[in-house]
Peer 1: 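If you scroll down you'll find the structure; I have some questions about it.
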Protein chains: 2
Amino acid sequence: MDYRFRLWLMKNNKKVFGEGPLKLLKKVEELGSLRQAALSMQMSYSKAWKIMKHVEEELHIKLLERKIGGKTGGGSTITREAKDLIKNYEALVASVNKKIEEDVNKYFMI
Amino acid sequence: MDYRFRLWLMKNNKKVFGEGPLKLLKKVEELGSLRQAALSMQMSYSKAWKIMKHVEEELHIKLLERKIGGKTGGGSTITREAKDLIKNYEALVASVNKKIEEDVNKYFMI
DNA sequence: CATCGTTATTCTTTTGCGCAGATAACGCAT
DNA sequence: ATGCGTTATCTGCGCAAAAGAATAACGATG
């Protein structure tokens, strides 16, 4: 039996971090710009911006180091805290996924 | 750190069973009627009906024993297979939840 | 044979909310 | 001072999901 799961970190009963923000953060890290990250995922910039803002506000951590203006127009790099968040969330998801796979095979042997 | 997760059983890359159908099935078991189950969850009957139909078609199992007509108008009871599905899915979710709780505390100690 | 409340099925209407797109602000370089 | 590509914000609209209406069939019971 196949399965799929989603795992969110919550705060004040609101979704605060999950696959969406994770993917976006990693793209920013790779491309150095929130705009480029959004474009590369066919996501509107405004949506990407809202996601980052939301996570930062709810989690009270700074994810992006923004630079506005300048020769290149600016850009964003991700903070140390963001890198830690990525690392921990990915480790968490990997561990959980392993367990789910085992259990699905246990309870749904087909 | 709080968390939330959703776990779906998949078939042909489509969601086939999850929390929604589970809750509905249990309500039918409790109330003996799909209509009453939908009402009790402030869900439209057509939606409830579609959910049951979808699961049955995709999973190729019969979930409800329908009775149309009669003094009380009829009603639905859930099949043995449906009971097994409930039991296994709940056991799976419980086991996974336990693991997630451990891991969340391990990776997000706050 | 009329009544009743269900299941079954399809169609139309509504609603909410996610999203894209427009606009502003910014600052370095030339 | 002009241009450029960012970040930052706001607004209104599209569209899918959901609700609801309409319709039919059913069968025990009085």
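Chain letters run A, B, ... following the sequence lines, proteins first, then strands; residues in each count from 1. What you are looking at is a predicted structure, and each value in this text was computed from that prediction instead of being measured.
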Peer 1: Mind checking Glu65(A) for me? I need base, sugar-phosphate or nothing, with any heavy atom below 4.0 Å counting as a touch.
Peer 2: nothing

Peer 1: Nearest nucleotide by nearest heavy atom, which residue falls closer to the 5' end of DNA chain C, Met43(A) or Tyr45(B)?
Peer 2: Tyr45(B)

Peer 1: Please determine, for the side chain of Ile68(A), which listed nucleotide (dT7(C), dC19(C), dA8(D)) has the closest atom?
Peer 2: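 Of dT7(C), dC19(C), dA8(D), dA8(D) is nearest to the side chain of Ile68(A).
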
Peer 1: Taking NZ, NE, NH1 and NH2 as the nitrogens, is one of them in Glu102(B) or Lys99(A) under 4.0 Å from a carboxylate oxygen of the other?
Peer 2: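 Salt bridge between Glu102(B) and Lys99(A), a charged N being under 4.0 Å from a carboxylate O: no.
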
Peer 1: Nearest-nucleotide wise, let me know which of Gly70(A) and Leu34(A) is further upstream toward the 5' end of DNA chain D.
Peer 2: Gly70(A)

Peer 1: Toward the 5' end of DNA chain C, which comes first, Lys71(A) or Gln42(A), by nearest nucleotide?
Peer 2: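 Final value for this comparison: Gln42(A).
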
Peer 1: So, are Glu19(B) and Arg4(B) salt-bridged, with charged N and O less than 4.0 Å apart?
Peer 2: no

Peer 1: Would you call Glu30(A) and Lys27(A) a salt bridge, taking side-chain N to carboxylate O under 4.0 Å as the test?
Peer 2: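 Salt bridge: yes.
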
Peer 1: Should Lys14(B) and Glu57(B) count as an ion pair when the cut-off is N to O under 4.0 Å?
Peer 2: no

Peer 1: In whole Å, I'd like the distance from the CD atom of Glu56(B) to the C1' atom of dA8(C).
Peer 2: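 The distance from CD of Glu56(B) to C1' of dA8(C) comes to 12 Å, rounded to the nearest Å.
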
Peer 1: Select from Lys50(B) and Lys67(A) the residue whose nearest nucleotide in DNA chain D is closer to the 5' end of that strand.
Peer 2: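 The residue mapped nearer the 5' terminus is Lys67(A).
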
Peer 1: With a 3.5 Å cut-off and just heavy-atom distances, do the side chain of Ser46(A) and the base of dG21(C) make a donor-acceptor pair?
Peer 2: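 Answer yes: a donor N or O sits under 3.5 Å from an acceptor.
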
Peer 1: Under 4.0 Å between a side-chain N or O of Thr72(A) and OP1 or OP2 of dG5(D)?
Peer 2: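 Thr72(A) to dG5(D) OP1/OP2: no side-chain N or O under 4.0 Å.
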
Peer 1: Given atom NZ of Lys47(A) and atom C1' of dG12(D), what is their separation to the nearest angstrom?
Peer 2: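 Taking NZ of Lys47(A) and C1' of dG12(D), I get 18 Å after rounding.
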
Peer 1: Below the 4.0 Å mark, does dA8(D) have OP1 or OP2 next to a side-chain nitrogen or oxygen of Trp49(A)?
Peer 2: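 Yes, such a contact exists.
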
Peer 1: Which of these nucleotides, dA20(C), dT7(C), dT7(D), is closest to any side-chain atom of Ser33(A)?
Peer 2: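 Closest nucleotide among those given: dT7(D).
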
Peer 1: Establish, with yes or no, whether the OP1 or OP2 oxygen of dT6(C) is under 4.0 angstrom from a side-chain nitrogen or oxygen of Arg35(B).
Peer 2: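 The answer is yes; a side-chain N or O of Arg35(B) sits under 4.0 Å from OP1 or OP2.
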
